[in-house]
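It should be emphasised that the depicted structure is a prediction, and the values quoted were computed from it without experimental measurement.
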Amino acid sequence: MRTALLQLNVSDDPVANLEGTLGYLRQAAAEGAEFVLTPEVTNCVSTSRAHQNAMLQHEEDDITLAALQAEAKALGIWLLIGSLGLKTRDADGRFANRSFMIDPQGDVVARYDKIHMFDVDVSPEETWRESQGYRPGTQAVVAETAFGPVGLTICYDLRFPKLHAALAGAGAHILTVPAAFSPVTGAAHWHTLLRARAIETGCFVLAPAQTGLHASAAHKTRRTYGHSLVVTPWGEVQMDAGDVPGVYITDLDMGEVAKARARVPSLENARPFDGP
């Protein structure tokens with residue numbers, strides 16, 4: 001199955017970002033991609049909650065979602081919108097970080113809200129409190145597609161192996177990890193964690209990423225790690241996009257899932273246990 005990961009460098013302007021994403025999407029389809037994936041926060045990268053509040057929309061009004069649905073239909077492709085920042089109607093005003101699986105008819109066949117919030121102190125100079133602006137999801141999601149079941153996760157979810165094991169246990173053959181990873185934690189952990197999730201589950205892991213320095217009208221810029229990856233069910237890096245934005249094409253042999261699981265049947269061998 002021909003697959004394309006879009007590695008993006010989006011700004012905090014959803015209108016400007018959409019034009020570039022659509023261009024990459026059309027390029028991917030022209031190169032034969034049947035399944036295209038975009039990174040986390042495809043519509044807007046911003047560190048300013050006030051700016052996000054001014055720019056983000058509710059799902060039913062979001063221009064990025066509507067345009068990408070229409071383009072998926074026009075191109076006849078499956079599309080994972082890695083995530084969009086969206087307004088909710090929660091009393092505390094927090095946003096949703098939501099992934100969408102779109103079918104070739106342009107319909108949403110699955111939604112997933114990021115469960116694990118990035119509340120960390122990477123260093124004295126780099127701290128994050130994602131939960132202050134985004135509300136966590138509560139439901140793990142497997143999307144049914146023409147090429148098999150796909151388990152949906154987002155970015156920081158990568159560090160929680162029980163989620164990925166649950167998705168594989170529910171039938172997933174592909175795990176998606178769209179991300180906007182910190183350069184510090186990316187350099188230290190990105191490749192290792194993605195390979196580990198593939199090895200543990202016998203799944204393909206597809207991780208489209210944001211990359212580079214992101215332009216911001218709020219005058220506080222953000223940098224992301226890039227290195228969109230495709231990892232095989234045996235844990236090998238099949239594709240690494242480096243740090244340049246663009247369209248990255250690779251072909252998946254879905255038969256590799258059964259082969260890896262037959263060699264090391266860890267999903268079958270897993271046992272419940274007590275304690276400690």
Are any of the side-chain nitrogens in [X] or [Y] under 4.0 Å away from the carboxylate oxygens of its partner?
| X | Y | result |
| --- | --- | --- |
| Asp12 | Arg222 | no |
| Arg195 | Glu236 | no |
| Arg89 | Glu60 | yes |

>> Can you confirm if the aromatic rings of Tyr225 and Phe181 lie within a centre distance of less than 6.0 Å?
In response: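 No - the distance between ring centres of Phe181 and Tyr225 does not fall below the 6.0 Å cut-off.
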>> Quick one, Glu200 with His164, criterion side-chain contact (heavy atoms from CB on, under 4.5 Å). Give me CA distance, side-chain angles, the key distance, then yes/no.
In response: CA-CA 9 Å; Glu200 291 162 353; His164 298 80; 5.7 Å; no
Taking all heavy atoms of [X] and all of [Y], pick out the closest pair and write down the distance.
| X | Y | value |
| --- | --- | --- |
| Ile102 | Val108 | CD1-CG2, 3.6 Å |
| Ala110 | Ala143 | CB-CB, 3.6 Å |
| Ala4 | Val247 | CB-CG1, 4.3 Å |
| Trp78 | Glu144 | CH2-O, 3.9 Å |
| Arg261 | Cys203 | NH2-SG, 3.2 Å |
| Gln210 | Val10 | OE1-N, 3.4 Å |

>> Between Thr250 and Gln238, does the side chain to side chain donor-acceptor pair (under 3.5 Å) criterion hold? Intermediate values first, please.
In response: CA-CA 8 Å; Thr250 192; Gln238 179 169 315; 2.7 Å; yes
Could you grab the distance from atom [atom1] of [X] to atom [atom2] of [Y], nearest 0.5 Å is fine?
| X | Y | atom1 | atom2 | value |
| --- | --- | --- | --- | --- |
| Arg223 | His214 | CZ | NE2 | 8.5 Å |
| Arg159 | Arg197 | CZ | CZ | 9.5 Å |
| Tyr248 | Leu229 | OH | CG | 12.0 Å |
| Gln27 | Glu31 | CD | CD | 5.0 Å |
| Thr64 | Leu18 | OG1 | CG | 5.0 Å |
| Gln52 | Leu86 | CD | CG | 11.5 Å |

Donor-acceptor contact present, side-chain [X] to main-chain [Y], <3.5 Å:
| X | Y | answer |
| --- | --- | --- |
| Asp90 | Arg94 | no |
| Thr201 | Ala165 | no |
| Glu130 | Phe118 | yes |
| Thr192 | His189 | no |
| Asn9 | Leu213 | yes |
| Ser99 | Leu152 | no |
| Arg2 | Leu252 | no |

Do [X] and [Y] touch side chain to side chain, with heavy atoms closer than 4.5 Å?
| X | Y | value |
| --- | --- | --- |
| Pro178 | Ser83 | no |
| Thr3 | Glu34 | no |
| Arg135 | Asp113 | yes |
| Ile174 | Thr145 | no |
| Asp157 | Lys114 | yes |
| Thr211 | Leu8 | no |
| Thr153 | Thr176 | no |
| Leu65 | Leu84 | yes |

> Distance only, no hydrogens: is a donor on one side chain within 3.5 Å (strictly under) of an acceptor on the other, for Gln7 and Ser228?
Replying inline: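 On atom types as modelled, these side chains qualify, holding a pair under 3.5 Å.
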> Stepwise, does the side-chain contact (heavy atoms from CB on, under 4.5 Å) test hold for Trp234 with Glu256?
Replying inline: CA-CA 8 Å; Trp234 195 243; Glu256 293 300 316; over 6 Å; no
>> Between His58 and Asp62, is the side-chain contact (heavy atoms from CB on, under 4.5 Å) condition met? List the steps.
In response: CA-CA 6 Å; His58 293 94; Asp62 188 76; over 6 Å; no
Transitive ILVMFWY side-chain link [X] to [Y], under 4.5 Å:
| X | Y | result |
| --- | --- | --- |
| Leu37 | Val257 | yes |
| Val150 | Phe160 | no |
| Tyr112 | Val41 | no |
| Val230 | Val237 | yes |
| Trp190 | Ile154 | yes |

>> Using the rule given for side chain to side chain donor-acceptor pair (under 3.5 Å), can you reason through Ser11 versus Asn17, listing the C-alpha separation, both sets of side-chain angles and the distance that settles it, and then say yes or no?
In response: CA-CA 7 Å; Ser11 71; Asn17 295 331; 3.1 Å; yes
> How are the rings of Phe147 and Phe35 set relative to one another: parallel (under 30°), tilted (30 to 60°) or perpendicular (over 60°)?
Replying inline: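 Answer is tilted, since the angle falls between 30° and 60°.
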>> Looking at Gln105, I want to see if its CD is surrounded by more than 12 non-hydrogen atoms of other residues, nucleotides or ligands under 6.0 Å.
In response: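 Yes, CD of Gln105 has more than 12 neighbouring heavy atoms, counting only those of other groups under 6.0 Å.
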> Do other residues, nucleotides or ligands put more than 12 heavy atoms under 6.0 Å from the NZ atom of Lys87?
Replying inline: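 Atom NZ in Lys87 is crowded, with more than 12 foreign heavy atoms closer than 6.0 Å.
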> What do the steps show when you test Glu40 against Asn97 for side chain to side chain donor-acceptor pair (under 3.5 Å), and what is the final call?
Replying inline: CA-CA 8 Å; Glu40 184 181 22; Asn97 192 345; 2.8 Å; yes
>> Test side-chain contact (heavy atoms from CB on, under 4.5 Å) on Leu194 and Val177; report intermediate values, then the result.
In response: CA-CA 8 Å; Leu194 288 167; Val177 191; 4.0 Å; yes
